[in-house]
2 protein chains.
Amino acid sequence: MPDVIINKEVFYNPVDFVLKKLGGTWKIPVLWRLRKKTWRYTELQKDIAHISQKMLTQTLKELEADGFVLKKVYAEVPPRTEYSLTEKGTKAVEVITYLRNYGLELMKEEGIDYEAMMQEEAKKKKDK
Amino acid sequence: MPDVIINKEVFYNPVDFVLKKLGGTWKIPVLWRLRKKTWRYTELQKDIAHISQKMLTQTLKELEADGFVLKKVYAEVPPRTEYSLTEKGTKAVEVITYLRNYGLELMKEEGIDYEAMMQEEAKKKKDK
DNA sequence: CTGAATCCTCCCGGATACTG
DNA sequence: CAGTATCCGGGAGGATTCAG
């Protein structure tokens with residue numbers, strides 16, 4: 001295992017490389033939402049519970065810089081910004097989907113039925 | 001996205017769940033080495049560059065507790081301990097392999113030929 | 001509405017010393 | 001040989017305030 005240093009970042013293996021790009025708490029929730037459609041900044045902020053404004057901005061900026069996400073700014077008042085997946089981002093979502101399925105398996109092994117929990121949550125939301 | 005709390009750990013999605021199990025700097029390098037054979041503690045320590053004794057112990061302990069790794073202690077003097085993959089661990093390595101291949105792709109896109117770099121390193125080692 | 005700029009907290013992982 | 005125990009720094013991410 002060598003020391004691989006690129007752009008002043010040290011990483012030890014290809015998986016590490018992926019996790020430096022897609023890891024952290026917020027990249028995945030954002031990419032996951034973008035998988036089907038374009039989202040506005042505020043929509044994302046409302047939909048992703050607990051994300052701070054700082055982390056949403058930072059996450060989107062990094063995803064854009066790494067070529068996973070496309071940012072479109074409309075010169076309107078008030079301003080509108082839309083985010084969508086690039087081709088590279090679409091590929092990343094495939095990987096995330098794979099990882100997600102494995103996650104669901106692992107959770108099931110521990111007796112956690114994630115999808116049932118999600119439905120519960122959705123119902124609560126509706127009741128409000 | 002609900003707040004899912006299990007064993008006092010909060011996580012936001014199934015991918016997060018996986019990364020809580022396999023994430024961090026050292027779980028993957030360890031599991032990767034165990035994929036083909038059993039390793040002793042000291043062998044792992046020698047082979048994984050930069051890993052501290054603390055992190056190796058901690059990593060192995062967590063992997064064992066999560067059921068990915070089997071620990072076998074031989075009551076000899078000096079003591080001998082061997083680590084191997086469980087069935088669950090073998091499944092995890094499949095996921096890691098998938099992730100690793102994606103990592104290699106990403107690196108190639110950025111003009112990084114990881115496998116060539118590895119061969120360079122191997123040659124250097126031999127020369128010494 | 002879509003950010004930028006600061007300050008602060010927590011915890012992962014490193015360094016070092018000790019043990020059965 | 002295979003660990004424990006302790007102390008410590010840095011960076012990810014939260015809270016708050018300001019701006020175009």
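We name chains A, B, ... by the order of the sequence lines, and we start the count at 1 in each one.
One finds a side-chain N or O of B:Thr25 lying less than 4.0 angstrom from the OP1 or OP2 phosphate oxygen of C:dG13. Phosphate proximity of C:dG3 to A:Lys71: present, with a side-chain N or O under 4.0 Å from OP1 or OP2. Using a 4.0 Å cut-off, some side-chain N or O of B:Ser52 falls inside it from OP1 or OP2 of C:dG14.
Checked for salt-bridge contact, B:Lys91 and A:Glu109 miss the test: no charged N lies under 4.0 Å from a carboxylate O.
Rounded to an integer number of Å, the gap from B:Lys54 NZ to C:dG13 P is 9 Å. Rounding to whole angstrom units, CE of residue B:Met55 and C1' of C:dT16 are separated by 16 Å. Rounded to an integer number of Å, the gap from CG of A:Leu56 to P of C:dC1 is 14 Å. Per the geometry, CH2 belonging to B:Trp39 stands 13 Å off P belonging to D:dA2, to the nearest Å. The distance between atom CD of A:Gln58 and atom P of C:dG3, rounded to the nearest whole Å, is 13 Å. For the pair A:Lys61 NZ and D:dA12 C1', the interatomic distance rounds to 16 Å; values are reported in whole Å. Regarding A:Leu63, its CG atom lies at a distance of 16 Å from the C1' atom of C:dG3, rounded to whole Å. Going from atom CD of B:Gln53 over to atom C1' of D:dA2 covers 8 Å, rounded to whole Å.
Listed nucleotides: C:dG13, D:dG13, D:dA2. Nearest to the side chain of A:Trp26: D:dG13. Each of D:dA2, C:dG3, D:dC1 was ranked by its minimum atom distance to the side chain of B:Thr81; first place goes to D:dA2. Comparing D:dA2, C:dC1, C:dG3 by their nearest atom to the side chain of B:Arg40 picks out D:dA2. Distances from the side chain of A:Tyr83 to the nucleotides D:dA2, C:dG3, D:dG3 place C:dG3 closest.
Only one option out of B:Lys20, B:Lys61, B:Lys21 pairs with B:Asp66 in a salt bridge (charged side-chain N to carboxylate O under 4.0 Å, His left out); it is B:Lys21.
Using modelled atom types, no side-chain atom of B:Trp26 and backbone atom of B:Ile51 make a donor-acceptor pair closer than 3.5 Å.
Applying the ring pair (Phe, Tyr, Trp, His ring centres under 6.0 Å) test to pairs two or more places apart or on separate chains, those with a residue in residues 56-112 of chain A are A:Tyr98-B:Tyr98.
For A:Arg80, the side-chain hydrogen bond (donor to acceptor under 3.5 Å, both in side chains) partners are A:Glu76, A:Glu82, not counting sequence neighbours.
Note on A:Tyr74: nothing from the nucleic acid sits closer than 4.0 angstrom, heavy atoms only.
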